[in-house]
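Take a look at the structure set out below.
From a predicted model like this one, the values you see are computed outputs, not experimental measurements. Counting convention: from 1, in listed order, for ligands and their atoms alike.
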Amino acid sequence: MSDNPFRMSSPQQPTKQPRDLRKVQPQAPQAVDMKLQLRMKRVKYKIAILSGKGGVGKSFVSSNLAMAIAASGRKVGIVDVDFHGPSVPKMLGVRGQYLTADDNGINPVTGPFNIKVVSIDFLLPKDDTPVVWRGAIKHTAIRQFLGDVNWGELDYLFIDMPPGTGDEALSIAQLIPNLTGMVIVTIPSEVSTLAVKRSINFAKTVNAKIIGVVENMSHFVCPDSGKTYFIFGEGRGKKMADEMGVPLLGQVPLDPIIAKANDMGEPFFVKYPESPTSKEFMSIAQKIINNVEVN
Ligand SMILES: Nc1ncnc2c1ncn2[C@@H]1O[C@H](COP(=O)(O)OP(=O)(O)O)[C@@H](O)[C@H]1O
Ligand SMILES: [Mg+2]
C-alpha cells in the first residue's frame, strides 16, 4: 500500500461523475486544513470514542450509539480512525462498499439511518491487507478523513479511535480543537479500569471534556435461568467513574448475540431493536444528547 491511499482529485481533472478514489491525486496539506475547519464547522457535535485498551467494544459502542442517535432523527456521521483494525463498516453492515470522489471531495458510504461512514476499510484492496503506517502518515490520513469528506450538515460526528492514547488520539485533539467531548469505553476488569483512568487523564491533558464512561460487557444474563452474572466483577465501572468524577452513561451486557451479529456484519441495533442492549444504547444516546445539546 502506498503512503497516501486517498489520492484526491486534482484541479486539472474536474468532473461531476463520482470516480474511484484510488485513481486520483493528493491535494496540498494547507488546502486540506482550511477545508477541514470549514467542514467541521458544519458539524454541531464532534465526539471521540476511546478506550485505554483494545477489544473492549469501542467500535461496537461507537456504531450502535451512532445508530441510536440517528434513529432519533438526528443527522449522524462516523469516522473510523482505527487504521490497523477498522471495524465500523462491519458493525454497521456496510462492508464491501467503496468511497467515491467528485469535485466536492470524498463521498462517504451511507449506512443505516443515513449514517455517513468513512473508514480505511473501504479503501483496502483485500480483506487481509495490513496498513503499515507511521504516525505522520496516519495524521495526514485523519486530516483527509475530516477535511476532504463531504460530511455536509451533521448533528453528530462520532470518531471511533484505535485503542490507547497514541498518535491518532493526539491528531484528533489537535485537528478538532473544538471537540465536543470524549466518551470512554471500558470493561469491568482491573486492567481495563486502570487503562480507562489513563484515557480520562489523557482527555484532561488535551483539555477535552469527558462526557462519560460506557461499561461494556458489564454483565451476562443467562438465557436459561434469567440470572445475571457479573463475569468480570460487579460495580467496577461505577466505582471507577465515581473515583474519577465522571458520569457512568450506561452498562451494556456481554451477549453472544452481539458477538455473532458483529461477526456476521449485521448492524445489531437494526437487527435487535427490542433487545435490552438496544434499549440501553437508546438510554446512553439520550444521556449524551442531554449532556451536549443542553449544556
Ligand atoms: N457486549 C458485547 N458482548 C459480546 N461481544 C462483544 C460485546 N462488545 C463487543 N463484543 C465483541 O468483542 C470484539 C471486540 O469489539 P470491538 O468493538 O471491535 O472492540 P474495540 O473497538 O475496543 O477493539 C468484537 O468481536 C465484538 O463483536
Ligand atoms: Mg475498534
Side-chain angles (χ1 to χ4, degrees), residues 47-68 78-95 111 117-122 124 127 130-131 138 141-142 145 158-169 172 182-189 191-196 198-199 202 213-223 228-234 236-237 248-272 275-284:
I47 298 176
I49 314 281
L50 71 162
S51 73
K53 68 198 272 291
V56 297
K58 222 170 7 302
S59 302
F60 169 63
V61 170
S62 311
S63 306
N64 284 269
L65 210 48
M67 289 188 274
I78 182 163
V79 55
D80 180 0
V81 300
D82 189 349
F83 299 111
H84 306 293
S87 22
V88 168
K90 201 166 182 185
M91 291 177 179
L92 289 176
V94 290
R95 199 135 192 258
V117 196
V118 168
S119 169
I120 192 73
D121 188 59
F122 298 134
L124 298 175
D127 278 5
V131 171
K138 289 191 265 190
I142 292 174
F145 271 7
F158 287 100
I159 304 145
D160 185 41
M161 305 292 295
T165 52
D167 289 318
E168 296 86 339
I172 289 296
M182 296 182 173
V183 169
I184 295 164
V185 180
T186 187
I187 58 170
S189 69
V191 190
S192 182
T193 47
L194 260 180
V196 84
R198 264 195 295 271
S199 301
F202 169 81
V213 174
V214 174
E215 187 182 55
N216 189 28
M217 309 188 193
S218 102
H219 54 276
F220 171 71
V221 182
C222 176
T228 299
Y229 293 90
F230 295 92
I231 292 171
F232 297 108
E234 188 177 356
R236 290 200 171 160
L248 181 68
L249 298 171
Q251 292 167 302
V252 178
L254 177 71
D255 188 342
I257 298 170
I258 294 176
K260 191 169 166 224
N262 290 338
D263 280 349
M264 292 179 68
E266 291 169 339
F268 182 88
F269 187 85
V270 173
K271 184 129 199 237
Y272 302 98
S275 63
T277 298
S278 293
K279 289 185 180 151
E280 185 67 1
F281 275 115
M282 277 156 70
S283 150
I284 297 168

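The aromatic rings of Phe281 and Phe60 sit perpendicular to each other, their planes meeting at more than 60°, with 30° as the lower class boundary.
Ligand 1 lies under 4.0 Å from heavy atoms of Gly54, Gly55, Val56, Gly57, Lys58, Ser59, Phe60, Ser87, Met91, Asn216, Met217, Pro253, Leu254, Asp255, Ile258, Ala259, Asn262.
Protein N/O/S atoms closer than 2.8 Å to the Mg ion (ligand 2), listed by chain and residue number, are Ser59 OG.
The side-chain heavy atoms of Pro162 and Val81, taken from C-beta on, include a pair separated by under 4.5 Å. Met217 places none of its side-chain heavy atoms less than 4.5 Å from the side chain of Ile231.
Panel note: side chain Glu280, backbone Gln251; a donor-acceptor pair is recorded below 3.5 Å. Proximity of a side-chain donor or acceptor of His84 to a complementary backbone N or O of Val131 within less than 3.5 Å is detected.
In this structure, the ring-ring contact (aromatic ring centres under 6.0 Å, His included) partners of Tyr272, at least two apart in sequence or on a different chain, are Phe268. Asp80 pairs by the salt bridge (Lys or Arg N to Asp or Glu O under 4.0 Å) definition with nothing, not counting sequence neighbours.
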Lys90 vs Asp127, test: salt bridge (charged side-chain N to carboxylate O under 4.0 Å, His left out). Steps then yes/no.
CA-CA 12 Å; Lys90 201 166 182 185; Asp127 278 5; over 6 Å; no
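Looking at Ser119, Ser62, Ser59 one by one, the single match for side chain to side chain donor-acceptor pair (under 3.5 Å) with Ser87 turns out to be Ser59.
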